[in-house]
Each structure stands twice: as structure tokens, then as C-alpha cells.
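Submitted below is the structure of interest, expressed as C-alpha cells.
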Amino acid sequence: MGETDTSSPSRRSSRQGPGEILLGVISDTHGLLRPEALEALHGSDLILHAGDIGGGEILTQLEKIAPVVAVRGNMDRGEVARSLADTQVVEVGGILLYILHDIASLDLRPDAAGFAAVIYGHSHQPEVREEGGVLFFNPGSAGHRRFDYPITLGRIRVKEGRLRTEVVSLEEG
């Protein structure tokens, strides 16, 4: 499926190579969009928000960087909740991605449906795994700290039908 690495925005460039599409992946902002998150997402061709956005102003700020595809999270309320679907399908570089907030609500077989990846949030914990040839990617939480979980977001680089994931720490050190 590809390689995975963990890095901080100061140590890795968000710039993509030739023929590469860079996806910024963020979740669980809960109304807080950190300057470090904006910096880490800079250079993205598309931003995917896996829910618990916390308000339309978050999406407006992200749209200043790149087009945004977002889904509704269980904590989203009001206008932002009414304007978003529970799931989204995105085609990028000839591959299909399925986006939802809570992986527990996945009600299809992503491999049988032709998805290369499932993008999700909710747990506030980053996770990268492959199952049945499908990438499962949770960028963690970029918003308020929950318990002792890290503050992170993700990147997916798409090139020639391959996905390369990266979990980016938004914390110093």
C-alpha cells in the first residue's frame, strides 16, 4: 500500500513531488484550528476533514488553503451539521477514498466497494493500518487535547495509484 512515517511540520516539507497529489487529513478540531495545523496543511491540493469540526469558520479557514471535503461528526451541531453528510466518497488520482467520522459506523466492505482507503476520526488517536488491501487512516485530533493523546493531523501522498501516509505531530519536541 505504501510507507508510513511520523514527523513534525518543522522537520518535513508538505511540498509534493512531481505527479504527486498531497491530501491534508484533519479531524476532531472541535472549534480549534491551531496555527501549527494551518502550517502543516499548507501546500495541500485537497483537505479532508473527518468530522467533529466545531463550526463553519473552521472550514472557511481551511478553504483558504485548499478545497475541503468534510463529513459530519457526532459532536457537530447547527448549520455545519445540517450542511454535511455522514460520509463522502472522493476520487483522487484514480483511486477512491471513503470518509466517515466513526469507524464503528462503517456499514460496507471497503474492499468490495472498490475503496483504496477509509479515512476516519472520532477516537482522537492516530492510526494507520491495512486490512484486506485497504488503508485505514485516522489522523488523530488536531483540536483540544483529550486525555494524554497526541495532537496530530495527517497527510496522504497519492502518486501512480499508491498512497503514502504520514502522521504529523503538532506539538513541540
Side-chain angles (χ1 to χ4, degrees), residues 1-29 36-53 58-59 62-73 84-142 150 152-170:
M1 180 66 49
E3 57 192 69
T4 301
D5 69 54
T6 303
S7 65
S8 71
S10 60
R11 290 186 300 201
R12 295 278 300 183
S13 169
S14 62
R15 300 239 178 245
Q16 62 267 34
E20 187 174 68
I21 300 166
L22 179 61
L23 307 177
V25 186
I26 191 167
S27 187
D28 296 280
T29 48
E36 299 88 352
L38 294 170
E39 178 186 337
L41 293 168
H42 185 76
S44 297
D45 294 302
L46 179 67
I47 297 172
L48 309 177
H49 197 305
D52 280 356
I53 297 157
I58 299 293
L59 298 178
L62 292 174
E63 287 168 346
K64 292 177 183 175
I65 298 171
V68 176
V69 175
V71 295
R72 177 177 42 242
L84 297 173
D86 289 330
T87 64
Q88 290 277 2
V89 175
V90 177
E91 185 274 326
V92 178
I95 61 171
L96 291 175
L97 310 174
Y98 189 74
I99 309 164
L100 74 164
H101 181 61
D102 185 352
I103 194 68
S105 66
L106 183 66
D107 61 355
L108 53 78
R109 285 194 39 223
D111 56 336
F115 295 111
V118 176
I119 312 300
Y120 60 100
H122 187 62
S123 72
H124 290 236
Q125 297 179 66
E127 179 178 36
V128 181
R129 64 184 164 91
E130 189 176 323
E131 197 174 295
V134 176
L135 168 69
F136 287 80
F137 186 56
N138 182 335
S141 172
T152 59
L153 55 73
R155 294 187 189 117
I156 300 175
R157 297 170 192 275
V158 182
K159 185 174 182 179
E160 298 173 355
R162 294 182 52 88
L163 303 173
R164 189 177 76 204
T165 61
E166 179 181 2
V167 174
V168 180
S169 173
L170 301 179

* Asked: Taking all atoms of both residues into account, what is the closest heavy-atom pair of Leu108 and Pro110, and its distance?
  -> O-CD, 3.2 Å
* What do you reckon, is CD of Glu91 surrounded by more than 12 foreign heavy atoms closer than 6.0 Å? -> yes
* Structure fact -> Nearest heavy-atom contact between Pro126 and Val167 is CB-CG1, 3.9 Å
* Can you check whether Val89 reaches Leu96 side chain to side chain, under 4.5 Å on heavy atoms? -> yes
* Value rounded to 0.5 Å, distance of CG in Leu97 from CD1 in Ile119 -> 5.5 Å
* Asked: Do you know the tightest heavy-atom contact between Glu166 and Phe137?
  -> O-CZ, 3.6 Å
* Asked: So which heavy atom on Ser27 is nearest to which on Ala50, and how close?
  -> OG-O, 3.4 Å
* Check whether any side-chain heavy atom of Pro150 sits under 4.5 Å from a side-chain heavy atom of Ser169, and report yes or no. => no
* Asked: Which residues satisfy the side chain to side chain donor-acceptor pair (under 3.5 Å) test with Ser123, sequence neighbours excluded?
  -> Asn138
* To do: List for me each residue that meets side chain to side chain donor-acceptor pair (under 3.5 Å) alongside Glu63, sequence neighbours excluded, and say none if there are none.
  => none
* Asked: Under 3.5 Å, side chain of Arg72 to main-chain N/O of Leu84, donor-acceptor pair present?
  -> yes
* Non-hydrogen side-chain atoms of Arg155 and Leu22 separated by less than 4.5 Å -> yes
* To do: Could you pull out the closest heavy-atom pair between Gly43 and Ile65, with the gap in Å?
  => N-CG2, 4.4 Å
* To do: Decide whether His49 and Thr29 meet the rule of one side-chain donor and one side-chain acceptor closer than 3.5 Å.
  => yes
* Do Val158 and Asp45 come within less than 4.5 Å of each other through their side chains, counting heavy atoms only? -> no
* Asked: Are any of the side-chain nitrogens in Glu127 or Arg129 under 4.0 Å away from the carboxylate oxygens of its partner?
  -> yes
* To do: For the pair Ile26 and Leu62, evaluate side chain to side chain contact (heavy atoms under 4.5 Å, CB included) and give the outcome as yes or no after the intermediate values.
  => CA-CA 10 Å; Ile26 191 167; Leu62 292 174; 4.2 Å; yes
* Asked: Does some side-chain heavy atom of Thr152 sit less than 4.5 Å from a side-chain heavy atom of Leu170?
  -> no
* Rounded to the nearest 0.5 Å, how far does CG of Leu41 lie from CG of Leu153? -> 5.0 Å
* Asked: Got a salt bridge between Glu20 and Lys159, using NZ or NE/NH1/NH2 to carboxylate O under 4.0 Å?
  -> no
* Asked: What is the minimum heavy-atom distance between Leu100 and Val71, and which atoms define it?
  -> C-CG2, 3.9 Å
* Checking side chain to side chain contact (heavy atoms under 4.5 Å, CB included) for the pair Val118/Val134: CA distance, chi angles, key distance, verdict? -> CA-CA 7 Å; Val118 176; Val134 176; 4.1 Å; yes
* For the residue pair Leu46 and Ile21, establish whether any side-chain heavy-atom pair is separated by less than 4.5 Å. => no
* Asked: Can you find a pair of side-chain heavy atoms, one from His101 and one from Tyr120, that are under 4.5 Å apart?
  -> no
* Flag side-chain contact, heavy atom, 4.5 Å: Val90 against Phe115 -> no
* Asked: Any donor-acceptor pair under 3.5 Å linking the side chain of Ser141 with the backbone of Asp28?
  -> yes
* Asked: Atom CD1 in Ile47, atom CG in Leu23: separation rounded to 0.5 Å?
  -> 10.0 Å
